[in-house]
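Following: one structure in structure tokens, then a few remarks.
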There are 2 protein chains.
Amino acid sequence: MLQRKPAEDRKTDIVEALLRLADQIGPDRLTTNDIAREVGVTQAAIFRHFPTKAELWSAVGEVIAVRLAEAWQQALAANTTPKDRLRALIAAQLRQIEATPALPAILHSREINVDNVILRERFRGLMMQYQAHLVANLEGMIADGSMTPDVRPQDAAVLLTSLVQGIAIRWSLGSRGFALQPEGLRLLDVQLALFAYGERQR
Amino acid sequence: MLQRKPAEDRKTDIVEALLRLADQIGPDRLTTNDIAREVGVTQAAIFRHFPTKAELWSAVGEVIAVRLAEAWQQALAANTTPKDRLRALIAAQLRQIEATPALPAILHSREINVDNVILRERFRGLMMQYQAHLVANLEGMIADGSMTPDVRPQDAAVLLTSLVQGIAIRWSLGSRGFALQPEGLRLLDVQLALFAYGERQR
DNA sequence: CTTGTGAGTGAGTAAACACTAACATAAGGT
DNA sequence: ACCTTATGTTAGTGTTTACTCACTCACAAG
């Protein structure tokens with residue numbers, strides 16, 4: 001028989017297994033059987049730790065939300081200039097996706113966005129927070145002269161989040177044929193150079 | 001009892017129903033029962049027209065591929081300058097998504113990208129074709145002076161496709177709270193203005 | 001060494017799934 | 001008007017799904 005673990009350890013095992021499998025199988029196709037096999041326990045064991053599949057998904061959502069929020073806080077704390085902070089915010093997002101490739105798929109999954117109303121609102125708020133961080137630092141960049149005032153910070157923020165999503169999609173569709181973070185940061189610098197152009201010509 | 005239709009008409013009914021439902025229920029969660037109810041026939045009737053669910057998805061993929069290719073051809077044919085053609089290509093894409101909101105979800109669904117190898121390659125080729133159109137017209141813009149030569153056309157194309165995807169995601173997550181095409185074109189013009197900056201300062 | 005607790009199992013359940021076979025009848029060409 | 005055909009239905013099939021329940025036994029505290 002298999003080694004027993006305290007409930008808390010096993011719970012994290014299950015959540016990690018789900019995150020791994022969600023990338024291969026897809027969030028909406030993942031079954032409790034798949035998860036149990038990956039963890040190395042019987043299917044019934046999953047339900048000892050999570051009363052329903054929906055509550056398992058809630059736990060996964062919570063883990064993701066905490067990780068993202070922590071990564072952003074760290075990015076902001078470790079840098080001082082608006083431009084460095086902006087780059088760090090984007091880099092953090094790319095790193096999170098690289099570490100958990102299923103992240104975009106889960107964020108847009110029906111499991112979370114249709115079935116789980118609480119989690120949907122949680123993520124909506126989280127993404128608005130990210131957008132707010134971007135806008136704040138873009139405003140800072142306009143103030144310190146590293147960005148043109150011709151582009152509204154809100155629009156610039158949309159362009160940047162789109163960039164991250166676009167690269168992530170290209171990365172996963174192209175079977176991860178390139179390193180996500182370097183390629184993402186390279187394109188970010190292209191965009192930031194464009195943002196700076198307007199200023200230079202003055 | 002229900003009115004009978006020639007097979008060809010019914011087939012398109014079924015495909016249209018799937019496209020409508022894929023948006024609400026999700027491509028990977030859609031069942032043949034859901035589709036049958038939407039069309040207004042019994043579940044078994046679906047299998048009279050499509051031998052398997054996978055072949056139904058193939059038909060859906062084919063319809064999407066044809067529509068996209070046609071929209072691009074039309075966009076290119078109706079315009080002459082590189083900049084107008086570029087705008088038309090983006091506008092066409094936004095219009096397609098607005099008409100078929102399930103389109104992004106289907107393009108990234110496991111149904112097509114994991115199960116259906118033929119269709120996956122078909123879409124990969126299609127997207128590369130779109131990218132090629134964008135690059136060609138961006139090169140034209142550099143040549144006619146409406147774009148800076150400082151940004152590689154390939155990079156600019158990635159920024160633009162990301163923009164479309166990003167807006168589409170924001171549109172669907174925000175419960176379609178804004179008009180997709182106008183907002184998309186507005187942001188496109190912001191980006192195109194940035195692309196032109198480098199040139200202006202010369 | 002004993003014993004109480006709780007992690008894990010084996011063998012189920014009903015519902016939902018894609019798909020099938022036998023039969024029915026509306027529709028269209030002759 | 002008839003007869004063939006193709007579209008549709010009814011009532012199934014086996015499989016997979018999330019979830020349950022009675023039971024077992026590993027393990028740590030006393």
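Per chain, numbering begins at 1; letters A, B, ... match sequence-line order. Source: prediction; values computed, not measured.
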Without decimals, in angstroms, what is the distance between [X] [atom1] and [N] [atom2]?
X	N	atom1	atom2	answer
F50(B)	dT7(D)	CZ	P	12 Å
E8(B)	dT5(D)	CD	P	20 Å
E55(B)	dA18(C)	CD	P	15 Å
L56(B)	dC17(C)	CG	C1'	15 Å
Q43(A)	dA7(C)	CD	P	18 Å
E111(B)	dA18(C)	CD	C1'	12 Å
I46(A)	dT20(D)	CD1	C1'	15 Å
F47(B)	dA22(C)	CZ	P	18 Å

Q. Could R87(A) and D189(A) be called an ion pair, given the rule that one side-chain N must be under 4.0 Å from one carboxylate O?
A.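 So R87(A) pairs with D189(A) through a salt bridge.
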
Q) Would D13(A) and K5(A) pass as an ion pair if we require N to O under 4.0 Å? A)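 Yes, this pair counts.
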
Can you figure out which of [options] approaches the side chain of [X] most closely?
X	options	value
A44(B)	dG8(D), dA18(D), dT9(D)	dT9(D)
R48(A)	dA21(C), dA22(D), dC19(D)	dA22(D)
R4(B)	dT9(D), dC21(D), dT7(D)	dT7(D)

Q. Does OP1 or OP2 of dG8(C) have a side-chain N or O of H49(A) closer than 4.0 Å?
A.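 Answer yes for this pair, as a side-chain N or O of H49(A) is under 4.0 Å from OP1 or OP2.
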
Q. Relative to the ring of W72(A), is the ring of Y130(A) parallel (under 30°), tilted (30 to 60°) or perpendicular (over 60°)?
A.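 Aromatic pair Y130(A)/W72(A) classed tilted.
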
Q: Please work out which residues in residues 10-39 of chain B have a non-hydrogen atom less than 4.0 Å from an atom of DNA chain D and list them by number.
A: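 When residues 10-39 of chain B is checked for heavy atoms under 4.0 Å from DNA chain D, the hits, listed by number, are R10(B).
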
Q) Sequence neighbours excluded, which residues qualify as side chain to side chain contact (heavy atoms under 4.5 Å, CB included) partners of T81(A)? A)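 Side chain to side chain contact (heavy atoms under 4.5 Å, CB included) check on T81(A) returns K83(A), D84(A).
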
(Q) For R124(A), I'd like to know if atom CZ has over 12 heavy atoms of other residues, nucleotides or ligands within 6.0 Å. (A)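 Count not over threshold, so no.
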
Q. If you take all heavy atoms of L188(B) and L160(B), which pair is closest and at what distance?
A.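 What the structure gives for the nearest pair is CD1-CD2, 3.6 Å.
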
Q. Quick check: does any side chain N or O of T100(A) sit under 3.5 Å from a backbone N or O of L103(A), one acting as donor and the other as acceptor?
A.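 Not at all, since once roles are kept as given, no pair shorter than 3.5 Å links the two residues.
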
